[in-house]
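Just below is one structure, and these are the notes that go with it.
Numbers here are sequence positions counted from 1. Note that these values count all heavy atoms, side chains included, but never hydrogens, waters or copies made by symmetry.
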Amino acid sequence: MEPVRKTFDSENDFPFFIAYKDTKTPNRELPDHLHDWYEIVYVYQGKGTFFIDQNLFQAEQGDIITIPGNTIHRVIPTAENLITSTAIFFSPVLLQRSVFWDSHSYLRLFEEGKGRKG
């Protein structure tokens, strides 16, 4: 099955979106999906598994998960201990390298995490 491509409004002046304190349930979470924007997830409570780029990562209260753009992923919440989290989505345009910091990449955190085994 092909992953779902989620889109964000890239015409927005500030390409940024927050899904605040959303509770993931097994029947309400997106299937395998991807999007151009980068994602940072903070887990407030609950437990579950994040499927990111063919790897499984266990997540629980206090964890922060980073997901690079154009990476297939999904959340698999534990039915008896649902995950409540905030997801921050942003376009990489927000963090383009500046003329002054050409050797530094603000997206390095995401780039290094891609493909890492959990």
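With values rounded to the nearest 0.5 angstrom, Asp22 atom CG is found 11.0 Å from Tyr44 atom OH. Note: Asp36 CG to Arg5 CZ = 5.0 Å, rounded to the nearest 0.5 Å. Atoms CZ and CD1, on Arg74 and Ile76 in that order, are 4.0 Å from each other to the nearest 0.5 Å. Atom CG of residue Asn70 and atom CG of residue Asp53 lie 11.0 Å apart, to the nearest 0.5 angstrom. Separation of atoms CZ (Phe17) and CD1 (Ile88) is listed at 11.5 Å; rounding is to 0.5 Å.
One hydrophobic cluster holds both Phe16 and Tyr38 under the rule that ILVMFWY side chains link at heavy-atom gaps under 4.5 Å. Tyr20 and Leu82 fall into different hydrophobic clusters, where Ile, Leu, Val, Met, Phe, Trp and Tyr residues are linked whenever their side-chain heavy atoms come under 4.5 Å apart, directly or through other members. A single hydrophobic cluster is not seen to contain both Ile52 and Leu30; linkage of ILVMFWY side chains at heavy-atom distances under 4.5 Å, directly or through other members, places them apart.
Using a distance-only test at 3.5 Å, with no hydrogens or angles considered, a donor-acceptor pair links the side chain of His33 to the main chain of His73. Judged purely by atom type and a 3.5 angstrom limit, Thr86 uses its side chain to pair as donor or acceptor with the backbone of Lys21.
Here the closest heavy-atom approach between residue Thr71 and residue Leu34 is recorded as O-CB, 3.6 Å. Ala59 and Asp63 make their closest contact through CA-OD2, 3.3 Å (heavy atoms, listed as atom of the first residue, atom of the second, distance). Considering every non-hydrogen atom in both Phe89 and Ala19, the closest pair reads CE1-CB, 4.3 Å.
Of the candidates Lys24, Gln58, Glu60, Lys47, Thr78 forms a side chain to side chain contact (heavy atoms under 4.5 Å, CB included) with just one, namely Lys47.
For Phe51, there are no ring pair (Phe, Tyr, Trp, His ring centres under 6.0 Å) partners, not counting sequence neighbours.
Side-chain contact check for Thr23 versus Gln45: every heavy-atom pair is 4.5 Å or farther apart. Counting heavy atoms from C-beta on, the side chains of Ser85 and Tyr42 never come closer than 4.5 Å.
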